[in-house]
Amino acid sequence: MAQSTFSTHVGMVDILPDEVDKWQKLERIIHEEAKKFNFEEIRTPIMEQTELIARGVGQLTDIVSKEMFAFDRGDDHYVLRPECTAPVARAYVEHHLDQRGGSQNLYYIGPMFRAEKPQKGRQRQFHQFGAEIIGAADPAADVDIIAFMMSIYDRVGISNTTLKLNSVGDPESRKAYTQVLKDHFRPHLSEMSEVSQDRFEKNPLRILDSKEEEDQPFVEDAPVITDFLTDETAEHYSRVKELLTELDIPFEEDPYLVRGLDYYTRTAFELVSPDLGAQDALGGGGRYDLLIEEIGGQPTPAVGFAAGIERLFIACEELDIQLAEEEMLDVYIVTLGDEARKWGINHLPKLREAGLSASMDYIGRSMKSQMKDADRENARHVIIVGSHELEAGKFVLRNMKESEEEAFTFDEILERLTS
RNA sequence: GAGCCUGUAGCUCAGUUGGUUAGAGCGCCAGGUUGUGGCCCUGGAGGCCGUGGGUUCAAAUCCCAUCAGGCUCCCCA
């Protein structure tokens, strides 16, 4: 690889012209699906106050404790947002969006930042799309969020995914469960991994997430949270499952699914794909009924999801899904000589005003090269302009797909191309 | 943050036990066609062999370090 003077920071990648088509296509799909599901887009700043993320995401999470890009400027603490749920919740509280009436159905697309060691499907600047329903406690909202998420993968054509589902309880059920869980692990603690021993104090639920071999025997026969849910939360959970079944959205219950962010309550879900390797989560989310209050708003139930765009593209590649369609150029003007070139420069705007995409050579290439360039740009038509044409006032219009050509006046050409 | 693997042209990759001016395909530029793309033919440009150090008469090749990427772990999207 040639050494260039500057390069991107580790884990931050350029999205080059050749790949940008698929980004635009995916964004279009997301906007269209959002419209169908009646979600409105929200765009929040890329930087937030560090305290918001710390409170919202959770002080003890990896994201906050070791993965934040944060800096101070004067008395202000800036952080590059590592996720977008806390920012959206912040905007909801700050701008009193509850006053718009009803629940707020919001979605976003944008870059997030986490200072992790990069690997496939994991970058320091990565992109997520996601949605939140704020102000609705009904299980129907949980299911609508999941349906919205799934509809995007359906549109893209990624179908071999597994939706994992769990309920992580409310504070009351979690308290009871945590007690039982600790009692379960305590006698074996010395035989368990260091991380798990650490989590035992900080967040025992996360031990269930452990992939350490020595932990497996104890995780396998651990009690499950779903046995300790309060009546209300259990009812909520079974209602979510009923609705998913009614909507023909297949899911797998995973009693050990624990989300890594502290704000989740009740419903938790994750969409995994066998096409992704180690980083196999396409997206995930859940209910977070405590977050809005935690960051200073009124107690407000909410549910949301976030999904990784780069991971979606990796899955597409594995499945041979071509997202981008070929870009076409309506007209390419091939010019021979200075007079022709002037003619071209003068007539390009007329083509564009007529709503056509139009281009020409600016670097004085041979006719053959200009034709090749037109071909490369996927031009539907080429207008050939040389001294003969200028004298006759008729220009060769070549249809590149049919390989047919005929001479017309410029007005006739406009007429033919726009009709 | 830890372990393992890999860095050669814009891209994908050859390069023998260390041995002259480091190769191919694709792409790019040009010519074959005094004014016609795709196919074909010919030619050309393009490499500090990731970077720094070491061993050696001699290093893309061996050794060390470092950086970057990949795979696991961790974590998550």
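Chain A is the first sequence line, chain B the second, and so forth, proteins listed ahead of strands; every chain is numbered from 1.
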Query raised in the report: Which part of the nucleic acid does A:H127 contact within heavy-atom distance under 4.0 Å: base, sugar-phosphate only, or nothing?
Result: nothing

Query raised in the report: Looking for any heavy atom pair under 4.0 Å, which part of the strands does A:Q123 touch: base, sugar-phosphate only, or nothing?
Result: base

Query - Out of B:G37, B:G35, B:C76, whichever nucleotide has its closest atom nearest the side chain of A:K368 - result: B:G37

Report summary line: note: A:Y264, atom OH; B:A77, atom P; distance rounded to Å ~ 6 Å

Report task. Kindly indicate whether the side chain of A:Q370 and the base of B:U36 share any N or O donor-acceptor pair separated by less than 3.5 Å? Result -> no

Query raised in the report: Given the rule in the side-chain contact (heavy atoms from CB on, under 4.5 Å) test, do A:W343 and A:E389 qualify, once you have shown the distances and angles that lead to the verdict?
Result: CA-CA 11 Å; A:W343 186 95; A:E389 286 77 8; over 6 Å; no

Query raised in the report: Among the nucleotides B:A77, B:U36, B:G37, which one has an atom lying closest to any side-chain atom of A:M367?
Result: B:U36

Query raised in the report: When the C1' atoms of B:G43 and B:C11 are considered, how many whole Å apart are they?
Result: 22 Å

Query - Gap in Å between the two C1' atoms, one belonging to B:G27 and one to B:U20, rounded - result: 31 Å

**Report entry** Between B:C74 (P) and A:K66 (NZ): distance, integer Å
**Finding:** 11 Å

Query raised in the report: Got more than 12 heavy atoms from elsewhere within 6.0 Å of CD, A:Q322?
Result: no

Query raised in the report: When you check the phosphate oxygens OP1 and OP2 of B:G31, does a side-chain N or O of A:S366 lie under 4.0 Å from one of them?
Result: yes

Sort me out a list of protein N/O and nucleotides 65-70 of chain B N/O pairs below 3.5 Å, or just none if empty.
none

Query raised in the report: What pair of heavy atoms forms the shortest contact from A:P111 to A:Q125, and how long is it?
Result: CB-NE2, 3.4 Å

Query raised in the report: Is the shortest side-chain N/O distance from A:R376 to OP1 or OP2 of B:C28 below 4.0 Å?
Result: yes

Report task. Using the C1' atoms only, state how far B:G70 lies from B:C64, rounded to an integer number of Å. Result -> 23 Å

Requested in this report: Remember a base hit wins even if backbone is also touched, and classify A:R398 as base, sugar-phosphate or nothing at under 4.0 Å, heavy atoms.
Outcome: base

Requested in this report: For B:A2 versus B:C49, give the span between their C1' atoms, rounded off to a whole number of Å.
Outcome: 30 Å

Query raised in the report: Checking all strands, does A:S369 fall into the base, sugar-phosphate, or nothing category for heavy-atom contacts under 4.0 angstrom?
Result: sugar-phosphate

Requested in this report: Ignoring the backbone of A:D280, work out which of B:C76, B:G38, B:G35 is nearest its side chain.
Outcome: B:C76

Query - Inter-nucleotide C1' distance (B:G7, B:U66), Å rounded - result: 13 Å

Requested in this report: Any chance you could lay out the side-chain contact (heavy atoms from CB on, under 4.5 Å) test for A:Y237 and A:E253, step after step, and finish with the verdict?
Outcome: CA-CA 11 Å; A:Y237 187 41; A:E253 279 190 82; 3.0 Å; yes

Report task. Using the C1' atom on both, measure B:G50 against B:U61 and round to a whole Å. Result -> 16 Å

Report task. Hey, can you tell me if A:Y264 and A:Y288 have their rings parallel, tilted or perpendicular (30° and 60° cut-offs)? Result -> perpendicular

Query raised in the report: Under 3.5 Å, is there an N or O donor on one side and an acceptor on the other linking the side chain of A:E389 and the base of B:G35?
Result: yes

**Report entry** Whether A:Y78 and A:F71 hold their rings parallel, tilted or perpendicular, with breakpoints at 30° and 60°
**Finding:** parallel

Query raised in the report: Taking the side chain of A:M371 as heavy atoms from C-beta outward, which of B:U36, B:G38, B:G35 is closest to it?
Result: B:U36

Query raised in the report: Which range-with-range stems can be found for RNA chain B when each stem has 3 or more Watson-Crick or G-U pairs in a row and both distances sit under 3.5 Å?
Result: B:1-7 with B:67-73, B:10-13 with B:23-26, B:28-32 with B:40-44, B:50-54 with B:62-66

Query raised in the report: In whole Å, what is the span from the CG atom of A:L390 to the C1' atom of B:G35?
Result: 13 Å

Requested in this report: Determine the contact category for A:L282: base if any of its heavy atoms lies under 4.0 Å from a base atom, sugar-phosphate if only primed atoms, P, OP1 or OP2 are that close, otherwise nothing.
Outcome: sugar-phosphate

Requested in this report: Start with the C-alpha distance between A:N105 and A:F148, add both sets of side-chain angles, then the distance that settles side-chain contact (heavy atoms from CB on, under 4.5 Å), and finish with yes or no.
Outcome: CA-CA 11 Å; A:N105 298 5; A:F148 179 24; over 6 Å; no

